[in-house]
Amino acid sequence: MKKILTGLVMALLMSGAAHAADLGGKLLKVGSDTTSPPMESVDTATGQIVGFDVDVVNAICAKINCKAEFVTTGWDGIFAALDQGNFDLVASGVSITDERKKAMDFSEPYIVNSQAILMRVEDEGLTAEDFKTKGKKLSAQANTTDAQVAESVAGKDNVTAYDSFAASLIALKNKDVDGVVINGANAAAYEKEFAGELVVPIRNLQSDPLGLVFRKGDENIAAFNEGIAAIKADGTLDTLIAKYWGTK
């Protein structure tokens, strides 16, 4: 009986191995707007693209036998560039939305993110309700879920959307706006970078699942979903979350 059970276990293991995703060492180009630490940014000392999304994609590739080359691409044109074949997928803290699903395909979610508001230190007593009732101005990067959240908080007339996050940040520093809606995952990094100047007192405005983005019908999605499941199952994803945020 023991030999029979051992044989069954081996057969199951071999069957699983036979069906495991294997991209044959393929090099995949990954588009990313590398301006959002700790999700993705450029290390000024080395010039390398680093961050949580980079580590996640590399961990997935270790499971499904591929290699990733990250390519810095501005957010305003990143999905068009994907569609044109400039790279194979996008990893850039992208929220999965029904509207986006019409034009692109997503992997399974690998993390859930919530929006927050970055403000000047002297205004940290403001509440989300104050932006709506006191006519306070919010900004966000255009064509993002952050911009949608900003409108839901302050009303469309009190929101200015900029082509880049950097422009929103300048507007905040210049007091053209009173807050910038950001990914909550980036809050600690911005508070550290602008310590004593900017803070993130309002958090957890809206939670969105984040996914990797592919062109419609891309056959690699199944393999990446398998890779995501694998790094969740073996604790790799939890380790990476702890690396960047200290908690699961």
Aromatic ring proximity [X]/[Y], centre distance under 6.0 Å:
X      : Y      : value
Trp245 : Phe52  : yes
Phe70  : Phe87  : no
Phe165 : Tyr190 : yes

Work out which heavy atom in [X] is nearest to a heavy atom in [Y]; give both atom names and the distance.
X      : Y      : answer
Ala68  : Val57  : CB-CG1, 3.6 Å
Ala59  : Thr236 : CB-CG2, 3.9 Å
Thr145 : Ser95  : OG1-OG, 3.3 Å
Ser107 : Ile221 : CA-CG2, 4.4 Å
Lys232 : Pro109 : NZ-O, 2.9 Å

Can you confirm whether [X] is buried at [atom1], in the sense that more than 12 heavy atoms of other residues, nucleotides or ligands lie under 6.0 Å from that atom?
X      : atom1 : result
Lys173 : NZ    : yes
Asn143 : CG    : no
Asp163 : CG    : no
Lys101 : NZ    : no

Begin from the C-alpha positions of Asp43 and Gln48 and carry the test side chain to side chain donor-acceptor pair (under 3.5 Å) through to its verdict.
CA-CA 5 Å; Asp43 185 328; Gln48 297 296 307; over 6 Å; no
Is the shortest side-chain N to carboxylate O distance from [X] to [Y] below 4.0 Å?
X      : Y      : result
Asp178 : Arg120 : yes
Asp88  : Lys26  : no
Lys243 : Asp55  : yes
Asp105 : Lys216 : yes
Glu191 : Arg203 : yes
Glu122 : Lys175 : yes

Can you check side chain to side chain donor-acceptor pair (under 3.5 Å) on Ser114 and Asn204, steps first, answer last?
CA-CA 5 Å; Ser114 61; Asn204 302 316; 3.2 Å; yes
Which ILVMFWY residues are connected to Phe131, directly or by a chain of links, through side-chain heavy atoms under 4.5 Å apart?
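Same cluster as Phe131: Ile117, Met119, Leu126, Leu138, Val149, Val153, Val159, Val181, Ile202, Leu205.
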Is there a donor-acceptor pair closer than 3.5 Å between any side-chain N or O of Asn58 and the backbone N or O of Val54?
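Confirmed, Asn58 side chain pairs with Val54 backbone.
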Side chain of Ser32, backbone of Ala91: donor and acceptor closer than 3.5 Å?
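At least one qualifying donor-acceptor pair exists.
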Less than 4.5 Å apart, side chain to side chain, heavy atoms only: is that true for Leu237 and Val56?
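Touching, per the 4.5 Å side-chain cut-off.
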